[in-house]
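Numbers restart at 1 for each chain; the letters A, B, ... are given by sequence-line order, proteins then strands.
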Amino acid sequence: MKVDERRVRGLNDRAAGGGPVVYWMSRDQRVQDNWALLYAQEKALERRVPLYVIFNLFRISDRANTRQYRFMFAGLKEVEGSLEALSIPFTVLFGAPEDVIPVFVKKHNVGEVVVDFSPLRYARTRRTKVATQLSCAVTEVDAHNIIPCWKASDKEEFAAYTFRPKVHRALSEFLSDFPKLKKHPHEGGLKTKPTDWGAYLKQLSLEELNDTAFAAGEKAAHKHMAAFIKARLDMYHEDRNDPTKNGVSGLSPYLHFGQLSAQRVAYEVNKTLDNNKEAREAFLEELIVRRELADNYCFYNKKYDKVEGAHAWAQKTIAEHKEDVREYLYTKNQLETAKTHDDLWNAMQLQMVQEGKMHGWCRMYWAKKILEWTPDAQTAVDIALYLNDKYELDGMDPNGVTGVMWSICGVHDRAWNERHIFGKIRYMNYAGAKRKFDIKTYIQRYAPNDTLFDNN
DNA sequence: ATCGGCTCGCGCAA
DNA sequence: TGCGCGAAGCCGAT
């Protein structure tokens with residue numbers, strides 16, 4: 001089974017040479033179920049050349065924290081081992097990609113570089129810089145979305161309802177099983193030794209590698225997925241919006257780092273049609289339609305994290321309410337340390353800091369309150385994304401960007417009735433949360449802990 | 001407990 | 001040109 005060419009696009013117009021094929025692993029950090037890696041092997045087998053996998057490491061953001069790096073490194077360590085068993089050398093290249101990747105390519109006479117796809121600004125800039133510099137072909141494969149981002153739609157979608165029919169039409173073509181990655185038969189000159197991940201943590205000025213609260217990596221992801229499908233999927237439609245229940249899948253960290261393929265999850269869910277139909281459809285709506293809509297938004301909207309990226313009606317209403325007096329005004333630090341008058345909001349912030357994960361429903365309430373309590377919408381977006389990227393295990397992801405923009409700037413949403421500060425942006429409040437779930441239980445669970453912020 | 005109004009614009013039918 | 005309906009709500013009337 002060949003990789004669908006619609007997943008693939010050239011990032012420069014250079015021809016592939018006769019040297020080894022390199023997969024530059026970035027967003028999709030897994031060995032199986034990875035169309036970019038499968039494509040790289042397909043090309044290497046056609047040309048009878050070696051296949052190498054590289055991971056480029058450097059401090060991409062001062063926001064990223066030790067928890068995220070631990071999670072990522074644990075996954076990469078497993079990747080390294082799995083690749084070794086398939087005779088595919090793996091190596092880390094440390095430094096700015098436009099510096100270190102061309103050096104590697106030259107040294108090993110690489111014929112083609114294959115990279116996975118991300119719609120985020122920093123990721124695209126890195127890929128473009130490298131593609132421009134190299135004299136061999138640089139090819140991008142969308143290994144993250146079930147339907148390749150540029151194929152699902154050729155424009156920025158207005159809302160989920162405009163995107164949904166396109167996705168459902170294309171699913172029958174793209175929602176397949178994956179072929180297995182093969183043991184690679186062509187050996188090359190790259191000799192690697194086991195990566196010293198602890199040394200890289202030091203180099204990045206991060207703490208030593210300790211046990212993480214989450215089991216990271218491909219194997220753990222599959223175990224988590226199987227357990228969710230078996231035990232909790234059937235209640236998903238009823239429990240997912242209650243933060244006191246364990247109703248959500250908990251798969252987003254694995255999906256974010258690409259340790260798990262969304263296509264694999266969707267395929268496995270569809271395989272067992274004895275599950276509850278309503279639950280299955282609600283879950284697949286979030287896993288596929290809303291997640292891939294987030295990629296669509298960031299891919300086609302250059303101002304995806306700016307008020308200017310929002311719908312015209314939203315920009316207008318935000319401008320009209322810019323001068324509205326805010327009853328509560330908090331600084332970034334007050335918000336970060338959960339020192340607001342709202343015990344429910346504080347508990348949400350504390351859940352995120354403590355667990356690296358905030359419940360999906362809470363993320364909406366949380367972001368909307370930041371709009372209410374900061375001087376203007378852009379400040380709110382900036383703070384929400386800063387906190388999201390710093391504390392969430394699934395930070396630095398189109399899902400987080402789109403979620404924040406939905407909450408604060410009405411992206412993919414409709415106008416609602418006019419009110420103070422929010423204008424026509426959908427409003428959410430404490431009373432609504434009270435109606436929905438037992439907020440007392442939730443608040444008590446994440447009681448403040450004075451030592452929390454000392455380690456950051 | 002349930003329902004309608006709030007409010008905007010896309011996409012499709014005609 | 002008209003019309004249905006939408007990413008998770010709120011509020012007041014019944």
Determine all donor-acceptor pairs shorter than 3.5 Å in which one atom belongs to a side chain in residues 415-425 of chain A; sequence neighbours excluded.
{"from": "Trp416(A)", "atom 1": "NE1", "to": "Arg414(A)", "atom 2": "O", "distance (Å)": "3.3"}
{"from": "Glu418(A)", "atom 1": "OE2", "to": "His321(A)", "atom 2": "NE2", "distance (Å)": "2.4"}
{"from": "His420(A)", "atom 1": "NE2", "to": "Val325(A)", "atom 2": "O", "distance (Å)": "2.7"}

Checklist outcome for this item: Asn241(A) atom CG is separated from dA7(C) atom P, nearest whole Å, by 14 Å
Checklist entry - Thr162(A) and Ala159(A): which non-hydrogen atoms are nearest, and at how many Å? => result OG1-O, 2.8 Å
Checklist entry - Taking OP1 and OP2 of dC11(C), is either one under 4.0 Å from a side-chain nitrogen or oxygen of Arg435(A)? => result yes
Where do N or O atoms of nucleotides 3-9 of chain B meet protein N or O atoms at under 3.5 Å, pair by pair?
{"from": "dC6(B)", "atom 1": "O2", "to": "Asn417(A)", "atom 2": "OD1", "distance (Å)": "3.4"}
{"from": "dT7(B)", "atom 1": "O2", "to": "Arg414(A)", "atom 2": "NH2", "distance (Å)": "3.4"}
{"from": "dT7(B)", "atom 1": "O2", "to": "Ala415(A)", "atom 2": "O", "distance (Å)": "3.1"}
{"from": "dT7(B)", "atom 1": "N3", "to": "Arg414(A)", "atom 2": "NH2", "distance (Å)": "3.4"}
{"from": "dC8(B)", "atom 1": "OP1", "to": "Lys424(A)", "atom 2": "NZ", "distance (Å)": "2.4"}
{"from": "dG9(B)", "atom 1": "N2", "to": "Tyr161(A)", "atom 2": "OH", "distance (Å)": "3.3"}

Checklist entry - Which heavy atom in Leu344(A) sits nearest to a heavy atom in Ala433(A), and how many Å separate them? => result CD2-CB, 3.5 Å
Checklist outcome for this item: A correct dot-bracket answer for DNA chain B, with pairs being Watson-Crick or G-U at under 3.5 Å, [ ] for crossing pairs and | for inter-strand pairs, is ||||||.||||||.
Checklist entry - Regarding Arg121(A) and the six-membered ring of Tyr304(A), is the cationic atom NZ or CZ under 6.0 Å from the ring centre and inside 45° of its axis? => result yes
Item to check | Distance-minimising heavy-atom pair for Ala347(A) and Tyr446(A) | outcome: O-CB, 3.6 Å
Item to check | Ring-face cation contact, Trp373(A) with Arg326(A), 6.0 Å cut, 45° max | outcome: no
Item to check | Side-chain ion pair, Glu238(A) and Lys245(A), N-O less than 4.0 Å | outcome: no
Checklist entry - What residues form a side-chain contact (heavy atoms from CB on, under 4.5 Å) with Gln378(A), not counting sequence neighbours? => result Lys306(A), Val307(A), Asp376(A), Val381(A), Asp382(A)
Next on the checklist: Does any part of the side chain of Val92(A), heavy atoms only, come nearer than 4.5 Å to the side chain of Ile54(A), both counted from C-beta?
Outcome noted: no
Checklist entry - If you look at every strand shown and take non-hydrogen atoms under 4.0 Å, does Arg363(A) touch a base, only sugar-phosphate, or nothing? => result nothing
Checklist entry - Looking at DNA chain C, which of residues 365-385 of chain A put a heavy atom within less than 4.0 Å of it? => result none
Next on the checklist: I need the minimum non-hydrogen distance between Ala131(A) and Asn12(A), along with the two atoms involved.
Outcome noted: O-ND2, 2.9 Å
Checklist entry - Under the side-chain contact (heavy atoms from CB on, under 4.5 Å) test, which residues partner Ala384(A), sequence neighbours left out? => result Trp366(A), Ile370(A), Val404(A), Ile408(A)
Checklist outcome for this item: Winner on side-chain proximity to Thr162(A), out of dC10(C), dA7(C), dC10(B), is dC10(B)
Item to check | Sugar-phosphate, base or nothing in reach of Arg240(A), heavy atoms under 4.0 Å | outcome: nothing
